Amino acid sequence: MPELPEIESIRRALERSIVGQRIESATIGPHDMRARGAGRAAGKPRPGRTWASARELLVDGRVASLERRGKQLAIVADDGRALVVQLGMSGQLLVTRDAPATHRHVTWSLAGRGARLLVFRDPRRFGGIVPHEYVQAMRQCWDRELGPDGLDARHAPIDRLREGTRHVKAALLDQSLVAGIGNIYADEALHAAGIRPTRRCNRLSRDEAARVLAESRRIMRGSVSRGGTSLRDHVLPEGDPGSARRLILAYGRSGLPCHGCGLPMKGGRVAGRSTTWCTKCQR
DNA sequence: CAGGTATCCTGTCCGC
DNA sequence: TGCGGACAGGATACCT
């Protein structure tokens, strides 16, 4: 479900609604949930179900900040504990008074007025959580495993994108190269930059590599300012679906006219993912 | 070893 | 209306 703009929109909404709140308690379940996301290897092995302790779930802490890099989102407590929440394909973080009936994995009780709940809900269970005793250790994991954030223009990995023989789309989806681009924004960036997703990285000119990264930033920034893209089930913590859908000009439009030239767009599979592009506008 | 593919899940949609 | 199959925005274990 979520890519960088959706997760940044969720981060901003949580920043407004839960920073300063004390976490009174947390419960896991009822379903199985795994450790997923950057920093996973740094922790203990994480088998199944109720492995996370109250301490790891930030109980008795006060929410100090929400940090994001790429698609990783972390709740940081005032004593330095951090919990990374990886939303996977279908994960949601909700702030509500009534716990959703289905697919709840972690439910936090927030102290204070109204006794609200923060809920990690994830129907497909591709998501997970990774606890860190100290936020500094979490940042080290992120530095080790993730490329620069996809919104960061100053560290755009232009030359690294030109390395190797894989398809450029596969490289854009590689979180260790640039963090945050997913299947939708990869197609959008390649379409806007006029580059075919099957182009090999080492056949990109420097200008083309710079262009596709710049387009990905431009499109993702626009999406963030509209609260993210709701194609299926993206929701902000208070239930708003976001309104960036009309920024999506390529993804999922196979057979429909290209916004550039009007010819029907081509659909197929690239890097194991469904992919849409224009055979005329993208070379 | 870089790169492709199968796999973890549930929900939804489409054709019969 | 019901049912089977395809497919879904992510990440990774495991092949080649």
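Computed from heavy atoms alone, side chains included, the values below leave out hydrogens, waters and symmetry copies. Just so we're on the same page: letters track the sequence lines, and every chain starts at 1. Since the model is a prediction, treat every value here as computed from it, not as a measurement.
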With no hydrogens and no angle check, do the side chains of T275(A) and K169(A) hold a donor and an acceptor under 3.5 Å apart?
-> yes
Are side-chain N/O atoms of T229(A) and E6(A) paired as donor and acceptor at under 3.5 Å?
-> yes
Hey, what do you get for CZ (F120(A)) to CD1 (I129(A)), rounding to the nearest 0.5 Å?
->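 If I round to the nearest 0.5 Å, the distance is 7.5 Å.
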In this structure, how many angstroms lie between the [atom2] atom of [N] and the [atom1] atom of [X], rounded?
| X | N | atom1 | atom2 | value |
| --- | --- | --- | --- | --- |
| R200(A) | dG4(B) | CZ | C1' | 11 Å |
| L172(A) | dA11(C) | CG | P | 14 Å |
| E3(A) | dG10(C) | CD | C1' | 9 Å |
| D174(A) | dA11(C) | CG | P | 11 Å |
| R104(A) | dT10(B) | CZ | C1' | 17 Å |
| Q92(A) | dG10(C) | CD | P | 16 Å |
| L4(A) | dA11(C) | CG | P | 11 Å |
| L87(A) | dG10(C) | CG | C1' | 10 Å |

Minimum-distance nucleotide (side-chain atoms of R273(A) versus dG3(B), dG10(C), dG4(B)) |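 Out of dG3(B), dG10(C), dG4(B), the nucleotide with an atom closest to R273(A)'s side chain is dG10(C).
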Out of dT10(B), dG10(C), dA8(C), minimum distance to the side chain of R125(A) belongs to dT10(B)
How does DNA chain B look in dot-bracket notation if pairs are Watson-Crick or G-U with both distances under 3.5 Å, crossing ones as [ ], other-strand ones as |?
-> .|||||||.|||||||
What nucleic acid atoms does G182(A) come within less than 4.0 Å of, heavy atoms only: base, sugar-phosphate, or nothing?
-> sugar-phosphate
Any link between V212(A) and L247(A) through a network of hydrophobic side chains (Ile, Leu, Val, Met, Phe, Trp, Tyr) touching at under 4.5 Å?
-> no
Within less than 4.0 Å of OP1 or OP2 of dG3(B), is there a side-chain N or O belonging to T165(A)?
-> yes
Establish, with yes or no, whether the OP1 or OP2 oxygen of dA11(C) is under 4.0 angstrom from a side-chain nitrogen or oxygen of Q86(A).
-> yes
Donor-acceptor under 3.5 Å (R199(A) side chain, R203(A) main chain) | yes
Using atom names, set out every protein N or O paired with an N or O of nucleotides 11-13 of chain B below 3.5 Å, distance rounded to 0.1 Å.
residue: dG11(B); atom: OP1; partner: H103(A); partner atom: NE2; Å: 2.5

Shortest non-hydrogen contact from [X] to [Y]?
| X | Y | result |
| --- | --- | --- |
| W277(A) | G267(A) | CZ3-C, 4.3 Å |
| V168(A) | C201(A) | CA-SG, 3.9 Å |
| V270(A) | P197(A) | CG1-O, 4.0 Å |
| C278(A) | M265(A) | N-CE, 3.8 Å |
| L4(A) | M220(A) | CB-SD, 3.9 Å |

If each of Q175(A) and R269(A) is mapped to the nucleotide of DNA chain C with the nearest heavy atom, which maps nearer the 5' terminus, i.e. the 5' end?
-> R269(A)
With stacking defined as ring centroids separated by under 5.5 Å and planes differing by under 30°, is F126(A) stacked against dC9(B)?
->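 Taking the rule of under 5.5 Å and under 30°, the ring of F126(A) does not stack on dC9(B).
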